[in-house]
**Student:** 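Attaching a single structure in structure tokens format; questions to follow.
In this chain, residues are counted from 1 in sequence order. Reckoned from all heavy atoms, side chains included, excluding hydrogens, waters and symmetry mates.
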Amino acid sequence: MEKLRIMSVFGTRPEAIKMAPLVRELASRPEVESLCCVTAQHRQMLDSVLEVFDLKPDWDLDIMTPRQTLSTITSKCLTGMDEAIDTLKPDMILVHGDTSTTFAGALSAFYHQVPVGHVEAGLRTYDKYSPFPEEMNRKLVSAIADLYFCPTMNNKKNLLKEGITQELFVTGNTVIDALKTTVRPDYHFETEELNHLPYGEKKILLVTCHRRENYGEPMKNIMLALRDIALAHEDVELVYPVHLSPVVREAVDSYLRGTPRVHLIDPLPADEMHNLMARSYLVLTDSGGLQEEAPALGKPVLVMRKETERPEAVAAGTVKLAGVDRQTIAAMVGELIDSPEAYGQMAHAVNPYGDGEACRRIADAILWHFGRLEERPGDYQPAG
């Protein structure tokens, strides 16, 4: 029997972190030829993840251009995928989450009548402009996909409400699988500054901020809140790996650079980011993935957005929405710094996102779908 040719498509750093362990899991299956196509929507940040996980793409669209627009990303992905699909002839294409690469990859697969598996399916805010463009990307992919790999039961319920009832699997989130391979207590950072932070002596606050919907006034408020926090608390150090987006860098330079106890560094490879998170006190972010990663490491997360498509962590108590108001963000951080009780309630809550076996469940589901496995894999059930 011929091997199944399963092609994973991704183009950004967060996608790569979450798809890398799945590419490797599929490669370990004798029934599968695991193929990898990258769009390089984020070239430099993507390459760092490929290096960490020792992945060598079978196809590289290399689409990134300076100050690229959503239209150029989508159109270049779409046209580039034509040749990749025609050459590699996959039996199924896997896309992840909600980026422009995700949407274009799924649409291209549809045009070639290749089945689509959607990893991290079913996340919703029900506001099509927030996050932008991610909310519409994932909804459009849901209309195209054939298999749905939902991190949580709540994600599955979202799809059921939309009339999607077949081939739904609850798997946990693959990012937990990735953390199992990257976080080590004896880890030594390549970014030398991180080896000399006062872990244990001061509270290290890890910060990320880059979302498009936060561009402008919200990002200004966030930067000023971060400055307020650093100035108000001498027992904290903020570490901010600054996204390569020129818009983000301009905001950081305008409002935050030069503030005492604020370390502005370049984006980190996945393994450095995970190990820094493991040694941090809490996480401030507008990212999606960190809302899943940090709770797995017992770190509270304050989300600097107006809503989240990951309400499971809010319900569990590991994540709180801080919004984009300057005073609110500073006040919520202050409470977690000053109140051991408030901190403990978040740090010790049960992580709802998985047990590190998501990739195994996804691979099993694909084999079952193609008739290579007799028994349908069971759904992930969180503890507690």
**Student:** Backbone N or O of Gly354 within a donor-acceptor pair of the Tyr380 side chain at under 3.5 Å?
**Tutor:** yes
**Student:** Could you check whether Thr208 and Thr285, counting side-chain N and O atoms only, form a donor-acceptor pair closer than 3.5 Å?
**Tutor:** yes
**Student:** Would the distance check show the side chain of Tyr343 and the main-chain N or O of Tyr281 forming a donor-acceptor pair, the cut-off being under 3.5 Å?
**Tutor:**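 Flag set: sc Tyr343 to bb Tyr281 pair under 3.5 Å.
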**Student:** Does Tyr148 share a hydrophobic cluster with Met92, counting links as ILVMFWY side-chain heavy atoms below 4.5 Å and allowing steps through other members?
**Tutor:** no
**Student:** Are Asn155 and Glu312 linked by a side-chain donor-acceptor pair shorter than 3.5 Å?
**Tutor:**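 Per modelled atom types, Asn155 and Glu312 side chains form a pair under 3.5 Å.
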**Student:** How many angstroms lie between CE in Met19 and OG1 in Thr12, if you round to the nearest 0.5 Å?
**Tutor:** 10.5 Å
**Student:** Set out, in order, the CA-CA distance, both residues' side-chain angles and the distance that settles side-chain contact (heavy atoms from CB on, under 4.5 Å) for Leu290 and Met273, then state yes or no.
**Tutor:** CA-CA 10 Å; Leu290 267 68; Met273 190 68 167; 4.0 Å; yes
**Student:** Taking the side chain as everything from C-beta on, heavy atoms only, tell me whether Trp59 gets closer than 4.5 Å to Cys36.
**Tutor:**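 No, every pair of side-chain atoms sits at 4.5 Å or beyond.
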**Student:** Any carboxylate oxygen within less than 4.0 angstrom of a Lys/Arg side-chain nitrogen, looking at Glu120 and Arg310?
**Tutor:** yes
**Student:** Show, in sequence, the C-alpha distance, side-chain angles and deciding distance for Asp98 and Arg124, and conclude whether the salt bridge (Lys or Arg N to Asp or Glu O under 4.0 Å) test is met.
**Tutor:** CA-CA 10 Å; Asp98 51 26; Arg124 296 289 187 270; over 6 Å; no
**Student:** Going through the checks in order, is the salt bridge (Lys or Arg N to Asp or Glu O under 4.0 Å) test met by Asp60 and Arg43?
**Tutor:** CA-CA 10 Å; Asp60 190 335; Arg43 175 82 271 172; 2.9 Å; yes
**Student:** Using a strict threshold of under 4.0 Å (side-chain N to carboxylate O), is an ion pair present between Lys18 and Glu292?
**Tutor:**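 Salt bridge: yes.
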**Student:** Do Arg29 and Glu33 pass the salt bridge (Lys or Arg N to Asp or Glu O under 4.0 Å) test, and can you show the C-alpha distance, the side-chain angles, and the key distance before you say yes or no?
**Tutor:** CA-CA 8 Å; Arg29 301 298 181 102; Glu33 182 178 356; over 6 Å; no
**Student:** Could you tell me if the side chain of Ser142 sits less than 4.5 Å from the side chain of Leu159, heavy atoms only?
**Tutor:**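 They are in contact (side-chain heavy atoms under 4.5 Å apart), so the answer is yes.
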**Student:** Decide yes or no for Phe169 and Arg376: does some side-chain heavy atom of the first lie under 4.5 Å from some side-chain heavy atom of the second?
**Tutor:**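 Yes, at least one pair of side-chain atoms sits under 4.5 Å.
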**Student:** Do side-chain atoms of Thr39 reach the backbone of Leu61 as a donor and acceptor pair under 3.5 angstrom?
**Tutor:**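 Between the backbone of Leu61 and the side chain of Thr39 there is no qualifying donor-acceptor contact (under 3.5 Å).
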**Student:** Got Lys299 and Leu282 here, is their nearest side-chain heavy-atom distance under 4.5 Å?
**Tutor:** no
**Student:** Check for a donor-acceptor pair, side chain of Glu135 on one end and backbone N or O of Tyr126 on the other, with a separation under 3.5 Å.
**Tutor:** yes
**Student:** Look at the aromatic rings of Tyr187 and Phe189 and report parallel, tilted or perpendicular, splitting at 30° and 60°.
**Tutor:**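 The rings of Tyr187 and Phe189 stand perpendicular, inter-plane angle above 60°.
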**Student:** Do Ser108 side-chain atoms and Gly105 backbone N/O form a donor-acceptor pair below 3.5 Å?
**Tutor:**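 Flag not set: sc Ser108 to bb Gly105 has no pair under 3.5 Å.
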**Student:** Applying side-chain contact (heavy atoms from CB on, under 4.5 Å), run through Lys203 and Leu336 and close with a yes or a no.
**Tutor:** CA-CA 11 Å; Lys203 297 178 173 70; Leu336 290 174; over 6 Å; no
**Student:** Taking NZ in Lys220 as the centre, count heavy atoms belonging to other residues, nucleotides or ligands within less than 6.0 Å. Is the count above 12?
**Tutor:** no
**Student:** With hydrophobic residues grouped by side-chain heavy-atom distances under 4.5 Å, do Val116 and Leu4 end up in a single group?
**Tutor:** no
**Student:** Heavy atoms, side chains only, cut-off 4.5 Å: are Asn137 and Thr102 in contact?
**Tutor:**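 No, every pair of side-chain atoms sits at 4.5 Å or beyond.
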**Student:** Quick test of your reading of the model: are Asp235 and Lys202 salt-bridged, counting only N-O distances below 4.0 Å?
**Tutor:** no
**Student:** Yes or no on salt bridge (Lys or Arg N to Asp or Glu O under 4.0 Å) for Asp91 and Lys3, after CA distance, side-chain angles and deciding distance?
**Tutor:** CA-CA 9 Å; Asp91 296 299; Lys3 287 192 173 188; over 6 Å; no
**Student:** Apply ring pair (Phe, Tyr, Trp, His ring centres under 6.0 Å) to His243 and His42, showing your working.
**Tutor:** CA-CA 11 Å; His243 197 276; His42 294 165; 5.7 Å; yes
**Student:** Please check: side-chain N/O of Asp325 versus main-chain N/O of Thr328, any donor-acceptor pairing under 3.5 Å?
**Tutor:** yes
**Student:** Between Tyr199 and Arg279, is there a cation-pi geometry (under 6.0 Å to ring centre, at most 45° from the normal)?
**Tutor:** yes
**Student:** Between Arg13 and Asp47, is the closest basic N to carboxylate O distance under 4.0 Å?
**Tutor:** no
**Student:** Assess whether side-chain contact (heavy atoms from CB on, under 4.5 Å) is satisfied between His274 and Ile17, documenting all intermediate values.
**Tutor:** CA-CA 10 Å; His274 289 168; Ile17 292 170; 3.9 Å; yes
**Student:** Between the side chain of His118 and the main-chain N/O of Gly97, is any donor-acceptor distance below 3.5 Å?
**Tutor:** yes
**Student:** Taking everything shown except Glu375 itself, do over 12 heavy atoms lie less than 6.0 Å from its CD?
**Tutor:** no
**Student:** Test your reading of the model: is there a side-chain donor-acceptor pair from Arg261 to the backbone of Leu238, 3.5 Å cut-off?
**Tutor:** no
**Student:** Have Gln291 and Thr308 got a donor and an acceptor in their side chains that come within less than 3.5 Å?
**Tutor:** yes
**Student:** With a 4.5 Å cut-off on side-chain heavy-atom distances among I, L, V, M, F, W and Y, is there a chain of contacts connecting Val283 to Leu302?
**Tutor:** no
**Student:** If I compare all heavy atoms of Ala316 with all of Ala349, which pair ends up nearest, and what's the gap?
**Tutor:**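 Answer, listing the atom of Ala316 first, then Ala349: O-CB, 3.2 Å.
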**Student:** Provide the closest heavy-atom pair for Tyr240 versus Cys209 in the form atom of the first, atom of the second, distance.
**Tutor:** OH-O, 3.0 Å
**Student:** With a 4.0 Å cut-off on N to O distance, would you call Glu134 and Arg211 a salt bridge?
**Tutor:** yes
**Student:** Hydrophobic cluster membership, with links at side-chain heavy-atom distances under 4.5 Å among I/L/V/M/F/W/Y: are Leu78 and Leu70 in one?
**Tutor:**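 No.
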**Student:** Would you confirm whether Ser34, through its side chain, and Val23, through its main-chain N or O, come within 3.5 Å as a donor-acceptor pair?
**Tutor:**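 Side chain of Ser34 to backbone of Val23: a pair is present.
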**Student:** Tell me yes or no: between the side chains of Ser100 and Gln41, is some donor less than 3.5 Å from an acceptor?
**Tutor:**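 No pair is found: no donor N or O on one side chain lies under 3.5 Å from an acceptor on the other.
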**Student:** Are side-chain heavy atoms of Val239 and Ile265 found at a separation under 4.5 Å?
**Tutor:**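 Result yes, sub-4.5 Å side-chain heavy-atom pair found.
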**Student:** Does Ile362 reach the side chain of Glu25, with side-chain heavy atoms less than 4.5 Å apart?
**Tutor:**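 They are not in side-chain contact.
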**Student:** Quick one: closest heavy-atom pair of Leu276 and Ser280, and the distance?
**Tutor:**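 Where Leu276 meets Ser280 most closely, the heavy atoms are O-OG, 2.7 Å.
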**Student:** Return the minimal non-hydrogen interatomic distance between Lys180 and Asp355, and the atom names on each side.
**Tutor:**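 Closest approach of Lys180 to Asp355: NZ-O, 4.4 Å.
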**Student:** Can you tell me if Thr125 and Glu307 form a side-chain donor-acceptor pair at under 3.5 Å?
**Tutor:**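 Checked: Thr125/Glu307 side chains show no N/O donor-acceptor pair below 3.5 Å.
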**Student:** Report the C-alpha distance between Val262 and Arg227 in whole Å, list the side-chain angles of each, state the deciding distance to 0.1 Å, and finish with yes or no for side-chain contact (heavy atoms from CB on, under 4.5 Å).
**Tutor:** CA-CA 8 Å; Val262 174; Arg227 190 175 73 182; over 6 Å; no
**Student:** Report yes or no: does Asp286 contribute a side-chain atom to a donor-acceptor pair with the main-chain N or O of Met304 at less than 3.5 Å?
**Tutor:**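 No: the side chain of Asp286 does not pair with the backbone of Met304.
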**Student:** Which heavy atom of Leu206 sits nearest a heavy atom of Pro241, and at what distance?
**Tutor:**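 That closest heavy-atom pairing would be CD1-CD, 3.9 Å.
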**Student:** Quick one: closest heavy-atom pair of Ile144 and Ala106, and the distance?
**Tutor:**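 Here Ile144 and Ala106 meet closest at CG2-O, 3.6 Å.
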**Student:** Does the distance from a Lys or Arg side-chain N to an Asp or Glu carboxylate O, for Asp379 and Lys156, drop under 4.0 Å?
**Tutor:**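 Salt bridge flag = yes for Lys156 with Asp379.
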**Student:** Taking C-beta and beyond as the side chain, do Val38 and Asp62 meet within less than 4.5 Å on heavy atoms?
**Tutor:** no
**Student:** Does atom CD (Glu51) have a neighbourhood of more than 12 heavy atoms from anything else shown, all under 6.0 Å?
**Tutor:** no
**Student:** Other residues, nucleotides and ligands only: do more than 12 of their heavy atoms fall within 6.0 Å of CD on Gln44?
**Tutor:**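 Open.
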**Student:** Determine whether Tyr215 and Leu284 fall in the same hydrophobic cluster, where Ile, Leu, Val, Met, Phe, Trp and Tyr are linked whenever their side-chain heavy atoms lie under 4.5 Å apart.
**Tutor:**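 Both belong to a single hydrophobic cluster.
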